There are 2 protein chains.
Amino acid sequence: MATTLHDVAILAGVSIKTVSNVVNDYEHIRPATREKVLKAIAQLGYQPNLSARSLRSGRTGVIGLALPELSLSYFAELADAVIRAAERHHLVVLVEQTGGGDRAREIEMLSSPRLQLTDGLIFSPRGMDQNDAALLTVPYPLVLLGERIFGGPSDHVTMRNTEAAKAATKHLIDAGRRRIAVLGVHEGELVGSSSLRLQGYREALEEAGIDFDQRLMAPVDRWYRADGAEAMRSLLASGVQFDAVFGFNDTLALGAMRVLQEAGLRIPQDVAVMGFDGLDETKYSLPTLSTVDPGRDEIAETAVRVLADRIENRDAPPEQYLTNFSVVARESTATG
Amino acid sequence: MATTLHDVAILAGVSIKTVSNVVNDYEHIRPATREKVLKAIAQLGYQPNLSARSLRSGRTGVIGLALPELSLSYFAELADAVIRAAERHHLVVLVEQTGGGDRAREIEMLSSPRLQLTDGLIFSPRGMDQNDAALLTVPYPLVLLGERIFGGPSDHVTMRNTEAAKAATKHLIDAGRRRIAVLGVHEGELVGSSSLRLQGYREALEEAGIDFDQRLMAPVDRWYRADGAEAMRSLLASGVQFDAVFGFNDTLALGAMRVLQEAGLRIPQDVAVMGFDGLDETKYSLPTLSTVDPGRDEIAETAVRVLADRIENRDAPPEQYLTNFSVVARESTATG
DNA sequence: TTGAAAGCGCTAACAT
DNA sequence: ATGTTAGCGCTTTCAA
C-alpha cells in the first residue's frame, strides 16, 4: 500500500492538516515544522493520491485533446505543441483520436464518460460543421480549434486563414506568376479552411488585377498527398496553362510536386509551388517547399492558456482568438 | 452539480447499492428493478464520477505513453496505433513527451506524480540505456518499447531488428548490389537499434560472400533527415564507390535521397535506397522508398495487451515479446 | 435480490 | 500556526 498523508503525519508527529499544508505550499508554517514534515515525506517516499485529491477538489490536472489522427503530421505537430504548452501550465494531456472526419464519432466523443477524468477539452473537429455548432454546448470547459465552426458557444482559437492565403498568393504574384492553380477547393463549401483560403486567393488576385479562372481550381475531397497528386494529374491532363500551384495544405502541395516532377516540369522554373501549414517536412523536400506557417506554437499555447483560464472562470463569455502567421519562402517559389 | 448515485437511487426508489449494481452490470437484479434504475439514470443523465471510482477501486482506466516527441513521424504513428489499441481495451492514453533523448528527463518522468493518474506506462526510452536497466524497477506496471535496454525488470516489446536488417540487406543484394553504404552507425555502441541493425547487415553480407568495408559506414549522431543528408554528402565527398544505401531509418534514407538527387544520381538506377520503419511518408516520396515495416500495429497491440494483463496480474515474471516485420519493396530498389 | 454502513485519501471549513 | 472534522462519490463487505 502506498503511504498516505496520515502516515506522514504520524511519522512527523503533526496533524494530517499540517502535512497537507506543507504539500500544498501553504505559507504560514513554522520552518521547523515544515522541515520535519518534508523529512518524513522524503523518508516514506510519499506521493499524494491524485484520485483522492481530484475527488475532493473537482480537478484532475488533466486536459483532453481530441483530434482526427496523429498519423497526419499536422495533428502530430499540433499535439506536440499542445503537450509542451500544457506542461508549462502544469497540466497533462489525454489524447483522443476521432478518426478522419467521422461526425457521429466526434459528437459521441463530446459526451463520452472518458472525459470525466479531464478538466476540459481542446477539440479540433473534422467531421462536424457549422450546423453542429449547438452541439458544442457542453457542461465542461471547451476550446475549439480550426475552421469548421465559427460563432459557436465556446472559446475558439484559429488562424487568419483568409489573410494568410492572400499573403501566400501575393508571394506567388510577386514572384511573377499570373496563372496560379489551386489545389484543395471544396466545391459548394461556405465555411471551412478551403473556402476561407480560396477567398484570400481571390482577394490577392483582384488586388493584382488578375482575372479569376475557374479552370485553375482543382477540387479535391480530402487533403492527403495522394489527392494532391491526383488533382495535379487531372490538371495536367486538362491542358490548362499555369505557372504556379497553391496547395491549400502542404500535403497536397507535396503530392503535386511529385507529379510535376514526374511530368518533367521543373520547380520553380516552370511551376512555382506553395503549400500551407508549415509542416516540418517542408524543410526537407526536394525542392524545399514554400509554405505558410500558421504559428502552431502560438495556437497551442493560446488554446491551453484559454482552457486553463476557462477552467478557473467558467462564466466569462466565449471569445475568438486569432493567431499570427508568416509566409515562409523556400526553393519551390524562388525567383531568378 | 453533477448527479450522483445517490440522486439516482432516490429517484428510482432503491438503495444506492442497487444503482451501483446496475451500473456495474451485476447479474442478479430483478429485471423490473434494473428497468426502473436505468430509467432514472437516463432521466438524470447520470454519469459515474471516475475520480471517486478510481479512489475506491485503485484503477483509473488511463495508461501513460511516454515517448521522445510526436513531431517525429515514427512516434506519431506509434502513438496513433497505441491509442487505437488502448481503445479496444477500454483504456485511454495520456501522452508524455520526454524530448529527444534527455536521459535525466526520462528518469524523472518515471517517478513523476503525474503518473499517479495512470494504471501503468508504456515507455519508449531514447536517452536511457542498458546501464539504466535497474531504474526500470518501478512500483507500477511498465511495458518497455524499443532497443535501448534489454533484459530489464519489465515486460519488453521489440522487433526483430537484426533479422529485419538482414532481410533488408539481402533485398539489396538480391537486386544485384554489392557496395551497400550504411547510414546511421553509432560508433562504439554495443546495444541499440544501430548496432542490432548493423549486425544484421553484416550477417547478410557474410552469407552473400561480400566483404565488409568500413569506408561504407556513415556514422551519424541523430537520425533526422538533415543527418541523413549530411552523411550522404560526406560519403559522396569521400569518393568511395557504392551502388546502394541502407538508411537505418526512413528519415535518414529520405535525407540521403535528396542529396543523391541533387548530385545528379538516379535512384534506383545509379544507387538503390532502402529505409527502415515503414513510415507512411515512404509511400509518397519520389521515388517511393523501399523500407522495413516493423509491424507497428502489432507492437502497439502487444504493448497494450501486455500492459493490461500486467495491470491485472502484477506477479507474473516479465517477458520479452518479438513482433513480426516485413520488407516492403518499392521504386527506390526496383531492378531492371 | 437488495440495503446499510464503512472508508478509499484528500481538502476545506472551522476551531483553537 | 496547527488541529479537528466532515464529506467528495464510489465500491465493498456484511446483513437481511
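All chains are named by letter (A, B, ...) in the order of the sequence lines, taking the proteins before the strands, and each is independently numbered beginning at 1. This one's a predicted model, so the numbers in the text were calculated from it and none came from an experiment.
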A.B. asks: Does A:Q47 reach the main-chain N or O of B:S111 with its side chain, forming a donor-acceptor pair under 3.5 Å?
C.D. replies: yes
A.B. asks: Does a donor on one side chain sit under 3.5 Å from an acceptor on the other, for A:S20 and A:N24?
C.D. replies: yes
A.B. asks: Side chains of B:E147 and B:T158: is there a donor and an acceptor less than 3.5 Å apart?
C.D. replies: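 Present: a donor and an acceptor within the cut-off.
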A.B. asks: Can you tell me the distance, in whole Å, between the CG atom of A:L5 and the C1' atom of C:dC8?
C.D. replies: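 Going from A:L5 (CG) to C:dC8 (C1'), I get 13 Å.
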A.B. asks: Once you round to the nearest 0.5 Å, how far does CD1 of B:I122 lie from CG of B:L142?
C.D. replies: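 One finds 9.5 Å between CD1 of B:I122 and CG of B:L142.
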A.B. asks: Checking side-chain contact (heavy atoms from CB on, under 4.5 Å) between B:T98 and each of B:M128, B:E69, B:R126, B:E106, which is the one that passes?
C.D. replies: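 In the set B:M128, B:E69, B:R126, B:E106, the residue that makes a side-chain contact (heavy atoms from CB on, under 4.5 Å) with B:T98 is B:E106.
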A.B. asks: May I ask you to list the residues of residues 43-63 of chain B, by number, that have any heavy atom positioned under 4.0 Å from an atom of DNA chain C?
C.D. replies: B:L55, B:R56
A.B. asks: Using whole Å, what does the distance between atom P of nucleotide D:dC8 and atom NE2 of B:H6 come to?
C.D. replies: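 The answer, rounded to whole Å, is 9 Å.
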A.B. asks: Would you find more than 12 non-hydrogen atoms of other residues, nucleotides or ligands less than 6.0 Å from B:R34 atom CZ?
C.D. replies: yes
A.B. asks: Determine whether B:M159 and B:L322 satisfy the following criterion, side chain to side chain contact (heavy atoms under 4.5 Å, CB included), listing intermediate values before the conclusion.
C.D. replies: CA-CA 5 Å; B:M159 71 168 302; B:L322 290 170; over 6 Å; no
A.B. asks: Need the bend value for the helix from C:dT1-D:dA16 to C:dT16-D:dA1: angle between end axes, 5 pairs each end, nearest 10°.
C.D. replies: 30°
A.B. asks: Dump every N/O contact between nucleotides 1-5 of chain C and the protein below 3.5 Å, one line per pair.
C.D. replies:
from  : atom 1 : to    : atom 2 : distance (Å)
C:dT1 : OP2    : B:H28 : ND1    : 3.1
C:dT2 : OP1    : B:T33 : OG1    : 2.3
C:dT2 : OP2    : B:R30 : N      : 3.1
C:dG3 : OP1    : B:S15 : N      : 3.4
C:dG3 : OP2    : B:S15 : N      : 2.7
C:dG3 : OP2    : B:S15 : OG     : 2.9
C:dG3 : OP2    : B:T18 : OG1    : 2.4

A.B. asks: Do NZ/NE/NH1/NH2 and the carboxylate oxygens of A:E301 and A:R88 come within less than 4.0 Å?
C.D. replies: yes
A.B. asks: Could you check whether atom CD of B:E35 has more than 12 heavy atoms from other residues, nucleotides or ligands sitting under 6.0 Å from it?
C.D. replies: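 Open: at most 12 neighbouring heavy atoms sit under 6.0 Å from CD of B:E35.
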A.B. asks: Verify the distance criterion only: is there a donor paired with an acceptor across the side chains of B:T60 and B:S54 at less than 3.5 Å?
C.D. replies: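 No, no side-chain donor-acceptor pair sits under 3.5 Å.
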